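Read the structure below first, then the notes.
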Amino acid sequence: MGRWGKVDYRALKNFRESLERMEKLESDKLCNDLVKELAARALRKVKLLTPVDTGNLRRSWVTTDVSKVGDQYTAEILNEASYAIYVEYGHRTPDHKGWVPGKFMLTKTMMEIEKQMPKIIENKLQTKLREVLDNDK
């Protein structure tokens, strides 16, 4: 029977320890940063899709701080203008004989962000892994 050679498991053990350290120390920060980035992208996109008459509706978009409940991280995107919901989903005309269609600026934004999310998460994780692995050397 042939010999397979020698294997040095120290590098693999160091890699495992680095990943464990990242999981313990960095997972909360990574998730927090990721949610902040996704919220910022969504805010930027929704503002671009918001129709401008006086500019009040566009200026009224805000995001909340990231919050953690259990193992879920969330940030909300809100519009503080009282009429935002009517622009988003549509409304009846003042004489109640017609309908003004909605613009769906937040709905469209969230659909687009959800499509982009896997790639954004992957890039963020690769960056973090590179940091951890470079610090190991």
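Below, each value reflects all heavy atoms present in this structure, side chains not excepted, and no hydrogens, waters or symmetry copies. Only a predicted model underlies this, so the values are computations on that prediction, with no experimental measurement involved.
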- Message: Pair Lys124, Asp33 - check salt bridge (Lys or Arg N to Asp or Glu O under 4.0 Å), show working.
- Response: CA-CA 9 Å; Lys124 197 77 151 168; Asp33 291 347; 5.2 Å; no
- Task: Decide side chain to side chain contact (heavy atoms under 4.5 Å, CB included) for Val100 and Thr93; before the verdict, give the C-alpha distance in whole Å, the side-chain angles of both, and the deciding distance to 0.1 Å.
- Result: CA-CA 6 Å; Val100 177; Thr93 57; 4.0 Å; yes
- side chain to side chain contact (heavy atoms under 4.5 Å, CB included) between Asn79 and Glu88, worked out: CA-CA 10 Å; Asn79 194 303; Glu88 175 75 11; over 6 Å; no
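Shortest non-hydrogen contact noted between Asp71 and Lys68 is CA-CE, 4.5 Å. The two residues Leu30 and Lys128 come nearest to each other via the heavy atoms CD1-CB, 4.2 Å.
Side-chain contact between Leu34 and Ile121: present, with at least one pair of heavy atoms (C-beta onward) separated by less than 4.5 Å. At a threshold of 4.5 Å between non-hydrogen side-chain atoms, the residues Val62 and Glu80 count as touching.
In this structure, Phe104 belongs to a hydrophobic cluster whose other members, linked by side-chain heavy atoms under 4.5 Å apart, are Leu43, Val46, Leu49, Leu57, Trp61, Ile77, Tyr83, Ile85, Tyr86, Val87, Tyr89, Met105, Leu106, Met110.
In terms of hydrophobic clustering, with Ile, Leu, Val, Met, Phe, Trp and Tyr side chains grouped at heavy-atom distances under 4.5 Å, Leu125 and Tyr73 are assigned to different clusters.
In this view, Ser60 satisfies the side chain to side chain donor-acceptor pair (under 3.5 Å) rule with no residue, not counting sequence neighbours.
In this structure, the separation between OG on Ser67 and CD on Glu76 is 7.5 Å, given to the nearest 0.5 Å. One finds the CD1 atom of Ile120 at 13.5 Å from the NZ atom of Lys115 (value rounded to the nearest 0.5 Å). Here CZ of Arg92 is found 8.0 Å from CH2 of Trp99. Values are rounded to the nearest 0.5 Å. Going from atom CD1 of Ile113 over to atom NZ of Lys45 covers 8.5 Å, rounded to the nearest 0.5 Å.
A salt bridge is absent between Lys108 and Glu112: the closest approach of a Lys/Arg side-chain nitrogen to an acidic carboxylate oxygen does not fall below 4.0 angstrom.
Here the side chain of Arg58 pairs a donor or acceptor atom with the backbone of Thr50 at under 3.5 angstrom.
Heavy atoms of other residues, nucleotides or ligands lying less than 6.0 angstrom from CD of Glu122 number more than 12. Atom CG of Asn56 sits in a crowded spot, with more than 12 heavy atoms from other residues, nucleotides or ligands closer than 6.0 Å.
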